[in-house]
Each structure stands twice: as C-alpha cells, then as structure tokens.
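Step one of this worksheet: look at the structure below.
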2 protein chains.
Amino acid sequence: MNAHPVETETLLTPSEVATLFRVDPKTVTRWAKAGKLSSIRTLGGHRRYRESEVRDLLNGVPQQRPSDG
Amino acid sequence: MNAHPVETETLLTPSEVATLFRVDPKTVTRWAKAGKLSSIRTLGGHRRYRESEVRDLLNGVPQQRPSDG
DNA sequence: GAAAACTAGGGTAATTCGGGGT
DNA sequence: AGTGTCCGAATTACCCTAGTTT
C-alpha cells in the first residue's frame, strides 16, 4: 500500500488509560487539564494519550518537570 | 526563499491517518467531510490525505482550510 | 481476468466532552 | 485538593453491503 514508514507513536484512549490506572476516565481528563499528563486532541476534541508516557508513569518514572528544585 | 520544483507531497490513506490519531478510518472520513481536513480524491472516489497537514494537525497546528469537500 | 484488502456510505450504540455538585 | 457521579450534547466506534484499489 504505502512503502513509507510512518513514525507511529501509539496513542491510548481515555478509557484505556483509566483502566490502566484503575480510575475513572474523568480523572484522566483532569490530569490532562492539570498538565500532569500530555494529551493529543483529535479534530473532534477528544483526547488521546501517549502510551510511552503512560507506561513511564505507571512504572514510577519521574516526568520532565519545569524548574524542579 | 526556498523554491520547491515538483513538490512530491506524500499522501496517506484513511487507515494511515486513522492509526496516527488512534481513531477509526470512518472518523477520518467524517473530518474530511466536515472540512477539518483537506482531502484529495482518487478517480474512484477514495480519499487521500496530505502527510504534512496530518503531521501539523497532530502537533496541534491549527489549519486554515477555506473550502473542501 | 480474478482474488484479497481497503474504502465509501448509512444507521445505531458506546465513549467522551464540559460544567456542576458530593 | 482530589475523585466519582449526574446531565445534556457532541464525537466516535461498530454493523452491513457495494465499489475501488492493488
């Protein structure tokens, strides 16, 4: 079909992330709004989350924080 | 400044774009019909999308599309 | 020419959004 | 401060069949 290797960053849906953290999807949305989790928006306004970032969070990997003293 | 002779714009299939956004191919079609994403039609009526535009959209770059069906 | 995979189109259920209140 | 739940509205996902692409 297409011979061009498109860089694909696997994205997760809100419910996917919610299931991984055992919380409500609404809570994941709040994390995104609070800037604790980066989110990518679909053209319709729905949020998608980076699987790699979520995995790091689940593994207790500290995220990049601005001015951490 | 920079002249592009024959711009060989890479085109993506609906499923390609759908994978990048983590949505259904049908959703990408909806975006094209809504004018949120410019589409190029094949002679048979299938849609193709500009990779550069899709990447900009994924990066949160707002697009300016006057009219597109 | 033929087969397999993908896409278009319509309709309905599930998910998500945003705000408000516990 | 943080989370789960309710409401209404919008967006998205899955069902099917026919046509297009490779």
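Labels below follow one simple rule: chain letters A, B, ... track the order of the sequence lines, proteins then strands, and each chain is numbered from 1.
If you check dT15(C), dG9(C), dC17(C) against the side chain of Arg47(B), the one that comes closest is dG9(C). Distance from the side chain of Ser15(B) is smallest for dC6(C) among the nucleotides dT3(D), dT15(C), dC6(C). You'll find that the side chain of Trp31(A) is closest to dT3(D), out of dG2(D), dT3(D), dT16(C).
Pairing for dG11(C) goes to dC14(D), judged as Watson-Crick or G-U wobble with the two contacts each under 3.5 Å.
Here CG of Leu12(B) is found 15.0 Å from CZ of Arg47(B). Values are rounded to the nearest 0.5 Å.
Nucleotide dA13(D) holds its C1' atom 10 Å from the CZ atom of Arg48(A), rounded to whole Å. In this structure, the CG atom of Asp24(B) is 15 Å from the P atom of dG9(C), given to the nearest Å. Distance His46(B) NE2 to dA5(C) P: 16 Å, rounded to the nearest Å. Nucleotide dG11(C) holds its P atom 11 Å from the CZ atom of Arg30(B), rounded to whole Å. Protein atom CD of Glu16(A) is 13 Å distant from nucleotide atom C1' of dA13(D), rounded to whole Å. One interatomic measurement links the two molecules: NZ of Lys33(A) to C1' of dT16(C), which rounds to 12 Å at whole-angstrom precision. If you measure from atom CD1 of Ile40(A) to atom P of dC17(C), you get 14 Å, rounded to the nearest angstrom. Protein atom NZ of Lys26(B) is 10 Å distant from nucleotide atom P of dG10(C), rounded to whole Å.
Grouping the Ile, Leu, Val, Met, Phe, Trp and Tyr side chains by contacts below 4.5 angstrom, directly or via other members, places Leu11(A) with Leu43(A). Phe21(B) and Val17(A) are not part of a single hydrophobic cluster, where members link through side-chain heavy atoms under 4.5 Å apart. When hydrophobic clusters are built by joining Ile, Leu, Val, Met, Phe, Trp and Tyr residues whose side-chain heavy atoms come closer than 4.5 Å, directly or via intermediates, Ile40(A) is not grouped with Val54(A).
Between Thr29(B) and dG9(C), a side-chain N or O to OP1/OP2 separation shorter than 4.0 Å is absent. Between Thr42(A) and dT12(D) there is a side-chain polar atom (N or O) within less than 4.0 angstrom of OP1 or OP2.
Residue order along DNA chain D, read from the 5' end via each residue's closest nucleotide, puts Thr27(A) first among Thr27(A) and Thr13(A).
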Carefully, step by step, assess Glu9(A) and Arg22(B) under the rule side-chain contact (heavy atoms from CB on, under 4.5 Å).
CA-CA 9 Å; Glu9(A) 169 72 40; Arg22(B) 218 324 194 162; over 6 Å; no
